[in-house]
Amino acid sequence: MFGAAPVILLVLMFNATMQLAPNLCEKYPERRYCIIEWMSRERWAHSERYTYKWDRKKCLLIRWADYCGAPLPNTNNFESEEQCYSECGGVFKRFREVNPEVIPKSMTDNQAHTIVVPVEEIEKLPELKENPFKRRICQVFSHDSSGNLTFEDFLDMMSVFSEAAPRDIKAWYAFRIYDLDDDKYIGREDLLEATKLLTAGQLQESEREEIVTSVLDEADVDGDGRLSFMDFEHVVARAPDFVSTFHIRV
Ligand SMILES: *[C@@H]1O[C@H](CO)[C@@H](O)[C@H](O)[C@H]1NC(C)=O
């Protein structure tokens, strides 16, 4: 019944996990800003722009003088503070929405890694809600592996899942997510469990065994009965063909 290449299972796992793609503003512009001095403000024509400072998680006013040239397209120089926050500060906004009573409107650096939101609440986010791996995803990004997340944890999670994140970063985290027992390999047990999660328990154990065996036959290059990160990368490298074909929401 699952005659298609077993690689598909891994790709499905990959896609199921990587579906989160919040609209993030990730890129630093090449020329970030060209601030004109206070003294020159009145003399040189300029426009007011806003740029997002990731280290401070704030939108800052910059004054862009005409001689700097036009801001590059697709940079994080925004026309208004509001636009800047809605594009770049969106992550914090989402985080705060999870629990506005616990998370202050404006966070200090210290609070960013001390205030914790329980995993049960994070799992209710629309991006995660339907994801069969949601608990595991939270655990991987959690500072103490409990699944409870600080804002720093949450920011890491959103960065990895953003479209802008490089494929190898995604692959590394996907690997960690499927390595359910944290032994640095995706073993038979991990795959069995993943299959169970993906198919919502609708397959018999023997059917799942069969799928897992064929996944390993196909993807376990060194034949040690489990997938190393290298094996996994290999699969993911072949994934582009499948990504367009298998748009299945699991
Ligand atoms: C996670 O958060 C819940 C709810 O706040 C708490 O009961 C639990 O102890 C936390 N877990 C850890 C490991 O901190």
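Counting convention: from 1, in listed order, for ligands and their atoms alike. Sequence positions, counted from 1, serve as the residue numbers for this chain.
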4.5 Å side-chain heavy-atom contact, [X] and [Y]:
{"X": "Glu193", "Y": "Arg188", "answer": "no"}
{"X": "Met230", "Y": "Val221", "answer": "no"}
{"X": "Glu210", "Y": "Glu207", "answer": "no"}

Among all the protein's non-hydrogen atoms, which is closest to [atom], and how far away is it?
{"atom": "atom 5 (O) of ligand 1", "answer": "Pro118 CG, 3.7 Å"}
{"atom": "atom 11 (N) of ligand 1", "answer": "Asn148 ND2, 2.9 Å"}
{"atom": "atom 13 (C) of ligand 1", "answer": "Ser146 CB, 3.4 Å"}

Counting distance only, does the side-chain N/O of Asp190 pair as donor-acceptor with the main-chain N or O of Asp179 below 3.5 Å?
-> no
Working to the nearest 0.5 Å, report the span between NZ of Lys129 and CD of Glu123.
-> 12.5 Å
Per-atom contact, atom 9 (O) of ligand 1, protein heavy atoms, under 4.0 angstrom | no
Mark whether atom 2 (O) of ligand 1 lies under 4.0 angstrom from at least one protein heavy atom.
-> yes
By number and element, which atoms of ligand 1 are closer than 4.0 Å to a non-hydrogen atom of Asp144?
-> 12 (C), 13 (C), 14 (O)
